[in-house]
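Here's the structure, in structure tokens; my notes come after.
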Amino acid sequence: RSVARKPTLHSCLHIMYLRSDLVASAAVIAVSFFVGLQPTVGLSGHKISFASGSADYASRTTLQNNADVEYTAEVSVGGMKLKAVLDTGSFDVVVLSKDCDWSCGNVSLLYDNHRSNTFEEGELVAEQYYGSGSTKSLECWEEFDAGFGKTSHQVFWKVFDADMSLLLQSSFQAIVGLGPPQSSVTVALRDAEMAEKEMAGLSFGSDDYKEMEELAHRYRDIAHHAAEQPGLVENLQLEAFSICLGRNPGSDGYFTWHDTDPQNRPNGMFRTVPVLNDTYWSASLSDVSLGPLPGSHLDESTPLGCHGTKCNVIFDTGTSLIMVPPTAMTAVQDALNRWKEISGDCTKLSQLPDLVFTIGGEKISLPPQSYVGEIVGDLREIDPELHRF
């Protein structure tokens, strides 16, 4: 089925960070996203800038800190107050409902469409995949209020089943996807094409062929629906938004709707890098390494990856972790073991080397607290596997 394409929103990403010598804990302080209506498709050639700030007309929402691993904002869906993760790594508004029962967490806190006068149910069923698991949901429409303004007919996915163990301990009831506009269409079409390629290698009419054919049709239906339904960014007429995380452990953060276009800021406040594609907030990554080990006679850094090879990085506010491939993790562990042999002390995290890398030609340095966490207690009581490290 052909997919109707609407004018795409061109998007830019702006991030403020402080030098490692200025930050006591987390080095990344704020992430700002600029979205402007443009009559063209795609994000290639657009920019990511490093900076901060908000405008007088901006609306700021508190992000509640949950153990420094999860930040949630209060939103209203059908008049019901829910805690939501504002997630730049996904694309849809996904709401955990009471139809999901225990697998979605505390049932008493979940969305209940029977309490709403503005709920509208659709027929399309889909799955959403995250790094921590997956959800099954039904396409629906509802009144959505982000705190500064509302949209009366927002498409969302009402979750009725989940395979995501973290929901049993998490504090949120919704995931508000804020990935680049048209991402859901792009991803669904890509998945449909992958399924169709699989079909080409299967025996026509076989059970596997029919299953893959059904999957391809489903993804194209999802793409068609996504193209026809205005996303949250369009419905709220957002041109810019930003996320600011508190510097001190346990401190709250802030989400600013309608932030200022960073190009209107004073010169020198931003550093800009190109956006790679229209699927994720992503940029090129290169020269990832650890700086020289304190106390070592060796002045050279420890390479971790992306030296002479092309790598990409995704800016994802839905996770609190720096995700790396196993080879990079092994290199970090080897470097830390060498540091322990030199210093004999594992408690002075500030003396560990900085994590340095280049994003879109801009070199960035993060302090050791950004990639090492301090654990108090016996590692064997937390996880026997951790003890070998």
Side-chain angles (χ1 to χ4, degrees), residues 9 11-18 25-35 43 48-54 58-75 82-95 128-133 146-148 164 166 170-181 183-184 187 231-233 236 238-247 249-259 262 273 275-276 278-283 285 312-324 359 364 366 370-371:
L9 298 174
S11 308
C12 303
L13 169 64
H14 321 284
I15 298 178
M16 179 190 78
Y17 76 97
L18 299 181
S25 55
V28 177
I29 302 301
V31 183
S32 178
F33 302 78
F34 175 74
V35 184
L43 301 177
I48 300 175
S49 301
F50 295 83
S52 68
S54 61
S59 176
R60 192 171 74 169
T61 300
T62 298
L63 294 175
Q64 185 176 346
N65 185 330
N66 180 20
D68 284 334
V69 297
E70 183 179 284
Y71 291 84
T72 59
E74 185 177 89
V75 299
L82 304 175
K83 291 183 178 181
V85 173
L86 305 181
D87 182 17
T88 59
S90 63
F91 326 114
D92 302 307
V93 177
V94 177
V95 179
Q128 291 80 30
Y129 296 91
Y130 304 90
S132 52
F148 72 94
M164 194 183 299
L166 71 81
S170 65
S171 63
F172 64 88
Q173 298 87 46
I175 301 172
V176 177
L178 294 170
S183 293
S184 55
V187 171
L232 183 64
V233 169
L236 295 179
L238 286 177
E239 292 189 354
F241 58 88
S242 63
I243 293 176
C244 177
L245 304 181
R247 182 182 304 177
S251 60
D252 289 340
Y254 299 96
F255 187 96
T256 304
W257 306 90
H258 293 298
D259 208 344
V273 298
V275 171
L276 292 180
D278 61 353
T279 306
Y280 295 98
W281 295 105
S282 61
L285 176 70
N312 299 340
V313 60
I314 295 175
F315 297 89
D316 183 359
T317 60
T319 179
S320 59
L321 303 175
I322 299 175
M323 309 291 286
V324 299
I359 294 180
I364 295 175
L366 300 182
S370 66
Y371 67 90

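Nearest heavy atom pair, residue F91 against residue S183, reads CD2-CB, 3.1 Å. Taking each heavy atom of T319 and L321 in turn, the nearest pair found is OG1-N, 3.2 Å. The two residues I243 and L63 come nearest to each other via the heavy atoms CG2-CD1, 3.8 Å. The two residues I314 and S282 make their nearest non-hydrogen contact at CG1-CB, 4.2 Å. Of all heavy-atom pairs between A283 and F315, the closest is CB-CE1, 4.2 Å. Pairing each heavy atom of S370 with each of I322, the nearest pair is O-CD1, 3.4 Å.
Separating the OG1 atom in T72 from the CG atom in N66 is a distance of 7.0 Å, to the nearest 0.5 Å. Atom OG1 of T88 sits about 8.5 Å away from atom CH2 of W281, to the nearest 0.5 Å. Distance check, rounded to the nearest 0.5 Å: CG of L166 to CD of E70 gives 7.5 Å. If you take CG on D92 and OG on S184, they are separated by 5.0 Å, rounding to the nearest 0.5 Å. The CG atom of D316 lies 11.0 Å from the CG atom of L178; values are rounded to the nearest 0.5 Å. Note that CG of L86 is 9.5 Å distant from CG of L232, once rounded to the nearest 0.5 Å.
With sequence neighbours excluded, the residues that form a side chain to side chain donor-acceptor pair (under 3.5 Å) with S90 are D87. When the side chain to side chain donor-acceptor pair (under 3.5 Å) test is applied to S170, no partner is found at least two apart in sequence or on another chain. In terms of the side-chain contact (heavy atoms from CB on, under 4.5 Å) criterion, residue partners of F148 (sequence neighbours excluded) are, by chain and number, S59, A146, L236, L238, W257, H258. S251 meets the side-chain contact (heavy atoms from CB on, under 4.5 Å) test with N248; sequence neighbours excluded. Residues passing the side chain to side chain donor-acceptor pair (under 3.5 Å) test with N312: none are found, sequence neighbours excluded.
With hydrogens and angles ignored, the 3.5 Å screen pairs a side-chain donor or acceptor of D68 with a backbone N or O of G250.
Ring centers of Y71 and F172: at least 6.0 Å apart, outside the cut-off.
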Legend entry - Check against side chain to side chain contact (heavy atoms under 4.5 Å, CB included), F255 and T317: CA-CA 11 Å; F255 187 96; T317 60; over 6 Å; no
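Between Y254 and T62 there is a side-chain heavy-atom pair separated by less than 4.5 Å.
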